[in-house]
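These values consider heavy atoms only, across backbone and side chains, with no hydrogens, waters or symmetry-generated copies. Every chain is numbered from 1, with letters handed out A, B, ... down the list of sequences.
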Number of protein chains: 2
Amino acid sequence: MRVTQQLIAKLAGVSQATVSRVLSNDARVEPAIREKVLEVIQQQNYSPDVRARSLRQKRSHLIGLVLRRESGSLHGDPFFAQLVSETVECLIGTNYQLCVDIATDHERQKHVYDELLRTRRVDGLILVESEAYDERIIRLQEDSFPFVVLGNAFENSTLNVVDNDNVLAGRIATQHLMDQGYSHIAMLAGPPNLTVTRDRVSGYMEALSSRGMKPHVIYSDFGIEGARTAALEVLNQRNGPNAILAMDDFMAAGVLQAARHLEIRVPEQLGVAGFNNSPLCLLIEGGMTSVDLRIDTMVRWAIQRLIQVIEGDEEAGDRQKVMPCELHVRGSSVRGKVASIL
Amino acid sequence: MRVTQQLIAKLAGVSQATVSRVLSNDARVEPAIREKVLEVIQQQNYSPDVRARSLRQKRSHLIGLVLRRESGSLHGDPFFAQLVSETVECLIGTNYQLCVDIATDHERQKHVYDELLRTRRVDGLILVESEAYDERIIRLQEDSFPFVVLGNAFENSTLNVVDNDNVLAGRIATQHLMDQGYSHIAMLAGPPNLTVTRDRVSGYMEALSSRGMKPHVIYSDFGIEGARTAALEVLNQRNGPNAILAMDDFMAAGVLQAARHLEIRVPEQLGVAGFNNSPLCLLIEGGMTSVDLRIDTMVRWAIQRLIQVIEGDEEAGDRQKVMPCELHVRGSSVRGKVASIL
DNA sequence: TGAACACGTGAATACGTATTCACAAGAATA
DNA sequence: TATTCTTGTGAATACGTATTCACGTGTTCA
């Protein structure tokens, strides 16, 4: 038999209402009685039933983390791992727990929406990398359901959005490559429909044009294989680039493999840089230059904001937050002596 | 106002009980009425409230995934990413959702226990890599709370446990290195108190002794840095090993870095192999030999089993499941011509 | 034809909690 | 002293669902 407030009440000789009051720290309860009740609670090892509590207060104290990924593509994804772990860590100390769901396709995405929202499973949502200002978000807004978008800044300023400054990221990476004297810098970009792609390409373009250099963008898929193939092709061309800026560290790794295969020396003949500053960067010989997007900070902001919205005490201030990013320079893009990472 | 069964009932001209019956596919409801009710449900876009349902059925349809990790150590952890993503994928199609929690220390671990179990937040638990037959498990057993242990086989055969065959994994990796002609094979092991360490070391020992070779075990921490340091030390010694079997791919990567630093050629002068077969293995020049532990299969078994236990129709059969593993041979341990991974 | 029975439905109840309402006892005010 | 105000408590209720119980209808069997 489950220990309930009813039982505690009986044992302590009070009513169930009083037990509830003790638990919610209601000031209007006699110290002696509170003492007695707490004693019985302790002794019976009672914990409140979160289900009953949810029903009553209309709060589940669960936060949903939803991201859209192809099935099976998550395994080596450092972004995902960082995202989840960072979120869980942020939630420590709050009385919220994390519910993770992944939408593999559009159908599934609708299903996730139903499962988590319509059924009132979660109190709020963190949406990661949604592709565009989609139907889903409109519905969320209409229902005025608490949510924060992570990783995709929209024009709509009524939304709570945190994003990295991808334009800046693209720019500083490109500038760094230019500073190192690379004269023909190509960008190996992800799918062009993603905002993240567009933004980083923008930054890349800006930086180049500020010094009168011509852009060279190759669109590809995320993942090592696609990047390797694309890099092989472009590096084989006469007048190929002598530097490649890849959309993430994995793609950059693909570029390195292609270079090795073609016996092109990095960084002497080819400079390479990526994004995310994943642990991977330290595994590459000489280290790989990468832009740290500060996912940890983003997540922290998103969670904090989401909880504020849920609890109705949203602070004033910008709903849109753009996180700074920082470049980590390593051997893959530094001509001259290769910095040892040991 | 939230759309409830009460409202549906009124609109359809039936009782709330009937609506509930329609939703639970109760056969005893007149087709015409069912039709009518479904129509109203459709039209009102009704979804049942999972909180009320949980309270009533005493089922939350949430599964908890708990693992113990140091704070901040998850970011680059491919095991973690694979674990979570695989779990989420397994849960598609079941009507369960995933609740993730991480216990950073013993105190937090108790807290997680309280949050998830005592409050009846989740219906069952997947415990990952618990260090030993700990107090927590005993309590779970006493409460006869559904749970499955992943990654640590105990002697206690009443527990539902799925583990990889770490002894086998250690053995086949070692055998492979011996087959390649390496004469002095060291094992760079993880913390000795972990079962996983002990088992792989056992397999390593078995394999060696079957051919009369002497073991050489170095205990270290997980992570690149520790492995690199340990490898540097051992490789600097006179009569150092000409092959190193590392406890995971990251540690193996650390060994590679050390070798590069000392200008020891891999695989000619030093054979290297790891465990997990993470995406990392393909990033290494020539590829890295690694034992695939089939985490996907383990997770699938664990989830399936857990749901069976929760729903009370636990199939007969072994509660202990040991997953096979398979060796992926790549350039880091194959003397002679290096296999290209392109 | 009457009794036993299956069937479909609505009313009532329970799940465990938080909260409102009512009420008694005492304090404060006149 | 009579009246209003606080204060602390218990009784009652609501949250939205699933399920049991009761009941009326039509069916089957003797």
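In this structure, a donor-acceptor pair under 3.5 Å is present between the side chains of A:Q16 and A:Q5.
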Enumerate all atom pairs, one protein N or O and one N or O from nucleotides 22-28 of chain C, separated by less than 3.5 Å.
none

Result block: side-chain N/O donor-acceptor pairs under 3.5 angstrom for residues 299-313 of chain A, not counting sequence neighbours:
| residue | atom | partner | partner atom | Å |
| --- | --- | --- | --- | --- |
| A:R305 | NE | A:N160 | OD1 | 2.8 |
| A:R305 | NH2 | A:E314 | OE2 | 3.4 |
| A:Q308 | OE1 | A:E315 | N | 3.3 |
| A:Q308 | NE2 | A:E315 | OE2 | 3.4 |
| A:E311 | OE2 | A:Y96 | OH | 2.9 |

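Contact annotation: the side chain of A:L117 approaches that of A:F145 to within less than 4.5 Å [non-hydrogen atoms, C-beta and beyond]. Within the 4.5 Å cutoff, the side chain of B:V37 has heavy atoms near those of the B:V14 side chain. Side-chain contact check for A:L62 versus A:R121: some heavy-atom pair is nearer than 4.5 Å.
Of the residues A:L67, A:L140, A:L159, the one that meets the side chain to side chain contact (heavy atoms under 4.5 Å, CB included) test with A:L127 is A:L140.
Remark: A:R118 fails to qualify as a cation-pi partner of A:Y113 under the 6.0 Å distance and 45° angle criteria applied to the six-membered ring.
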Strictly under 4.0 angstrom, non-hydrogen atoms only: write out the protein contact profile of nucleotides 10-21 of chain D, one letter per nucleotide from the 5' end, B, S or -. BB--BBBBBBB-
